[in-house]
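Reviewing the structure listed below.
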Amino acid sequence: MKTRTAAMEVRTMANRYATQLQFCRTRSPISHSLAQNIHAHMTASGFRPRGHILNRLIDIYCKCSNLTYGRKLFDEIPEPDIVARTTMISAYSAAGNLKLARAIFSATPLSMRDTVFYNAMITCCSHNNDGFAAIQIFRDMKRVGVRPDDFTLSSVLCALGLIVDDEKQCQQMHCAVVKFGLGLITSVLNSLVSVYVKCASSSLGLSSSGSLMGSARKVFDEMVEKDELSWTTIITGYVKSNDLVAANEFLDGMTEKLGIVWNAIISGYVHHGCCQEAVQTFRKMLSKGVPQDEFTYTSFISACINGGFFQLGRQLHCYILRTEVQPTPDFSLSVNNALVTLYYKCGKIDTAREIFNKMSIRDVVSWNAILSGYVETKRTEDAKSFFSEIPERNLLTWTIMISCLAQNGCGEEALKLFNQMRSEGFEPCDYAFAGAIISCAVLGALMHGRQLHAQLIRLGHDTSLSAGNALITMYARCGVVEAAELAFLTMPYIDSVSWNALIAALAQHGRGLEALELFEQMLKEDIQPDRITFLTILSACSHAGLVREGRHHFDSMFSSYGVSPGEDHYTRMIDMLCRAGNFSEARSLIDSMPFEPGAPIWEALLAGCRTHGNMDLGIEAAERLFELRPQHDGTYILLSNMYAHVGQWDNVAKVRKLMRERGIKKEPGCSWIEVENNVHVFLVDDTKHPRVQAVYKYLEKLGLKMRKLGYVPDTKFVLHDMESEEHKEYALSTHSEKLAVVFGLLNLPQGATIRVFKNLRICGDCHNFFKFMSRVVKREIVVRDGKRFHHFRHGECSCGNYW
DNA sequence: ATAGGGTTAG
């Protein structure tokens, strides 16, 4: 009597738990925490879940959050039934782990396997992009006599879609569908249509593409019962095979008000860059009374962003606020994410942040959108602190932050983050690699960059456009132009960024004429030059003293290519004209500018005046600079150097006094060199580096040899380093670039090229010194300064003393 | 327990 009551009680409890678990149907954190509570209650009341209740728990754990824990529960079952096994296979399918799914599949005795079990395994293979394996499982299934059903055929057709390449295969499957007696089942026919569609879009550009869409359409037209999916499959087929006209006709012939089909075409338009058409379709949808949902709105917002219709986007925002009084959580999340993107992309990052702050649910997309907003508006500090607050980071979060740091010159920090990301188990994508590679460019870390290049190849990212472009820049900025050229030549696809990068590489290394030739080549290949291209071209002309060419390209950039010159382009022109001593033309160019000259313009002018000793104009430029940015050290240095150039030492002293009074500190010069994968940094007069004493000793020895060849220290360059004024000549010998070069001579293999990097411009005395040194030590010395490269070889420099 | 379409972050 008593035992019967206990058994009954267990049964009632089981029923109650089973009912409760029914509520955890969606794959959401809410389901997961609910299930956890129910599970905890079971444990507390001594109820041991078995059978279908345990299977349900495993399913929820696996799909909502904790696959490992789900597997642990599964392993504790003495003899798992076919349902439990199927659950595990589909969990691994969703997690992308084909290997573990297969292990469970193989460990299941043949006698247990049923149709659903096979179906799950077939689906798992196609979810993991192995169409052939899926079809093999289907064959095994037929061989051992398990009857395929409509689900099986749908799954196999999906697998076929991955590998299909001609119409014959589609027709064969069509026959198989009829043979299995499934020729009237809507879901199976939908999958069949989808195979034709995939085949059509993979043969894009071939004549067969149109006829395949025709066959797809024929199956569709003959279907007795069509559902939402049937319509959507056809319309996305037309969109993917670039036939937007057919898509529209198809849409017009549709009497049902199926929002999802309209959504498909709107997003299709956006992906094809037809934003205007997307907007029109949205309006048509509205006027026909087709219900709109979050997918409609997000695609529409995306059209506004890509088409630059920001006002329209804001109107939609108001419309949504008015009409959606009680939005579902899913609706709010995705629409707000899209709105955040809209606002930051039209420069209203603070509005975007307000929306973000008000959101009741946020996901990683929301966080990443704001992060990108800070990155794009160059608010690096905000980006950094926001990044540290992000609760759940994904691959993209890391990638955005890494490339932000890399683009803003924080190479070391970016590389640190790159490593941290890997240690947290993320495998970097090509964009993340691009960020890390650019960091190496910033740091001049050639060996590290080469290692990343090797890893890139190993991970199969070597065909990536962004990584390839980063490699061009990295090799160029590390001083190996040939490697940059090779990277450019071996890229399977290139874009204007690739061209710009290589043109810039040649320009920085003083190969101005070659840079211009490459530009001509780019035009021949019908690549549209952009503002960066012209920036690079003007630098190339400036560095190489090609004034006539520079003037020509500047004049034609707008008239021939529609790129209007910005302040940065004018700055390059002023720089070029002043270096060449053409001050009157520089002056009139400034007067003709359509905007007020800013600090960069005056700075270029001042630098030119310093080189040529043009006192009047130089003083005027300096005065403007003092007004525009009184705290900037560069102006004081240039001005004082200008006075020194003509021997006005009292004025030099005045400028220095002014600096002291205003509390302005010169950015200390520092140079670095990579030896055996370590970066060694030297400051002026360095005493901190552990091996610097040997450097001083060798430097002295070399100095004697060089003096015999005619080297004479030029003391006026001491003024680059105000802090060492007392020991002029001694100070010269301890400029950071000299220390770094000599360190390289002592520590790099015989004959290896010395590559040194400096944060500021190279000093004139050092420049002369390295020319002699390249003769004495008989090897090539490459110095990258703040602006460009100098290759010292056989007593000459590639810049032709023109920098 | 298993299939199939439309969205937002570089």
Side-chain angles (χ1 to χ4, degrees), chain A residues 52 55-56 58-59 62-63 81-91 93 114-124 126-127 134 149-159 161 185-195 197 227-237 239-240 258-268 270-271 293-302 305 330-331 333-342 344-345 363-373 375-376 394-404 407 429-432 434-435 466:
Chain A
H52 71 281
N55 290 346
R56 274 297 293 148
I58 293 173
D59 190 36
C62 286
K63 284 183 193 145
D81 63 11
I82 195 66
V83 176
R85 291 167 196 264
T86 310
T87 302
M88 278 318 297
I89 287 179
S90 73
S93 170
D114 64 3
T115 302
V116 179
F117 178 76
Y118 274 106
N119 292 350
M121 194 59 219
I122 292 171
T123 304
C124 178
S126 41
H127 273 172
D149 63 1
D150 50 341
F151 276 72
T152 318
L153 262 290
S154 280
S155 311
V156 172
L157 285 164
C158 173
I185 311 266
T186 305
S187 61
V188 176
L189 291 173
N190 284 346
S191 307
L192 182 62
V193 170
S194 152
V195 174
V197 159
D227 62 8
E228 262 191 353
L229 186 62
S230 326
W231 292 89
T232 319
T233 310
I234 289 284
I235 202 142
T236 48
V239 169
K240 279 183 190 149
L258 299 177
I260 194 169
V261 180
W262 290 76
N263 293 347
I265 191 167
I266 291 177
S267 77
V270 176
H271 282 126
D293 59 12
E294 64 262 44
F295 292 98
T296 326
Y297 294 140
T298 45
S299 293
F300 180 83
I301 293 168
S302 180
I305 294 169
D330 279 349
F331 180 95
L333 182 62
S334 53
V335 170
N336 278 321
N337 282 345
L339 285 170
V340 165
T341 311
L342 173 80
Y344 96 68
K345 290 230 165 141
D363 64 4
V364 69
V365 177
S366 335
W367 290 90
N368 287 351
I370 295 288
L371 183 64
S372 314
V375 172
E376 263 182 44
N394 66 6
L395 180 60
L396 191 58
T397 320
W398 289 95
T399 308
I400 296 168
M401 198 61 219
I402 289 166
S403 56
C404 167
Q407 303 289 341
C429 62
D430 57 335
Y431 281 96
S466 52

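Source: prediction; values computed, not measured. Per chain, numbering begins at 1; letters A, B, ... match sequence-line order. Computation of the quantities below employed the complete heavy-atom set of this structure, encompassing side-chain atoms and omitting hydrogens, waters and symmetry-equivalent molecules.
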Can you identify which nucleotide, out of [options], has its nearest atom closest to the [X] side chain?
{"X": "A:D114", "options": "B:dG10, B:dA1, B:dG4", "result": "B:dA1"}
{"X": "A:L229", "options": "B:dT7, B:dG5, B:dT2", "result": "B:dG5"}
{"X": "A:T298", "options": "B:dA1, B:dG10, B:dT7", "result": "B:dT7"}
{"X": "A:E376", "options": "B:dT7, B:dG10, B:dG4", "result": "B:dG10"}
{"X": "A:K240", "options": "B:dG10, B:dG6, B:dA3", "result": "B:dG6"}
{"X": "A:I82", "options": "B:dA1, B:dT7, B:dG6", "result": "B:dA1"}
{"X": "A:V116", "options": "B:dG6, B:dG4, B:dT2", "result": "B:dT2"}
{"X": "A:A120", "options": "B:dA9, B:dT2, B:dT7", "result": "B:dT2"}

Please state how far atom [atom1] in [X] lies from atom [atom2] in [N], giving the value in whole angstrom units.
{"X": "A:L342", "N": "B:dT8", "atom1": "CG", "atom2": "P", "answer": "13 Å"}
{"X": "A:I265", "N": "B:dG6", "atom1": "CD1", "atom2": "P", "answer": "14 Å"}
{"X": "A:I122", "N": "B:dT2", "atom1": "CD1", "atom2": "C1'", "answer": "10 Å"}
{"X": "A:D81", "N": "B:dT2", "atom1": "CG", "atom2": "P", "answer": "14 Å"}
{"X": "A:R56", "N": "B:dA1", "atom1": "CZ", "atom2": "C1'", "answer": "10 Å"}
{"X": "A:M121", "N": "B:dT2", "atom1": "CE", "atom2": "P", "answer": "15 Å"}
{"X": "A:F151", "N": "B:dA1", "atom1": "CZ", "atom2": "P", "answer": "11 Å"}
{"X": "A:Y297", "N": "B:dT7", "atom1": "OH", "atom2": "P", "answer": "17 Å"}

Phosphate OP1/OP2 of B:dT8 contacted by A:S302 side-chain N/O (<4.0 Å) |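 Result: yes.
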Below 4.0 angstrom from OP1 or OP2 of B:dG10, is there any side-chain N or O of A:K345?
->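 Result: yes.
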Checking all strands, does [X] fall into the base, sugar-phosphate, or nothing category for heavy-atom contacts under 4.0 angstrom?
{"X": "A:D150", "result": "nothing"}
{"X": "A:S299", "result": "sugar-phosphate"}
{"X": "A:T399", "result": "base"}
{"X": "A:Y344", "result": "sugar-phosphate"}
{"X": "A:C429", "result": "base"}
{"X": "A:N336", "result": "nothing"}

Any sub-3.5 Å donor-acceptor pair from A:N55's side-chain atoms to A:I58's backbone N or O?
->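 Side chain of A:N55 to backbone of A:I58: no pair is present.
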Using modelled atom types only, decide if a donor and an acceptor are shared between the side chain of A:S93 and the backbone of A:I89 within a distance under 3.5 Å.
->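 Side chain of A:S93 to backbone of A:I89: no pair is present.
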Within a strict 4.5 Å, meaning less than it, do heavy atoms of the A:K240 and A:V197 side chains meet?
->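 A:K240 vs A:V197: side chains apart.
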Looking only at N and O atoms, is any donor in the side chain of [X] or the base of [N] less than 3.5 Å from an acceptor on the other one?
{"X": "A:S154", "N": "B:dA3", "value": "yes"}
{"X": "A:N394", "N": "B:dA9", "value": "yes"}
{"X": "A:D293", "N": "B:dG6", "value": "yes"}
{"X": "A:S155", "N": "B:dA3", "value": "no"}

Who are the side chain to side chain donor-acceptor pair (under 3.5 Å) partners of A:S194, not counting sequence neighbours?
->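 Once residues adjacent in sequence are excluded, A:S194 has no partner under the side chain to side chain donor-acceptor pair (under 3.5 Å) criterion.
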Nearest heavy atoms of A:S155 and A:I122, plus distance in Å =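 Nearest pair, atom of A:S155 first, then A:I122: CB-CG2, 3.7 Å.
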Would A:F295 count as stacked on B:dT7 if the rule is ring centres under 5.5 Å and plane angle under 30°?
->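 No; centroid distance or tilt outside limits.
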Of all residues at least two apart in sequence or in a different chain, which pass the salt bridge (Lys or Arg N to Asp or Glu O under 4.0 Å) check with A:D293?
->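 Not a single residue meets the salt bridge (Lys or Arg N to Asp or Glu O under 4.0 Å) criterion with A:D293.
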Measure the OH-CG distance between A:Y431 and A:L396 for me, rounded to the nearest 0.5 Å.
->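 One gets 10.0 Å once the value is rounded to the nearest 0.5 Å.
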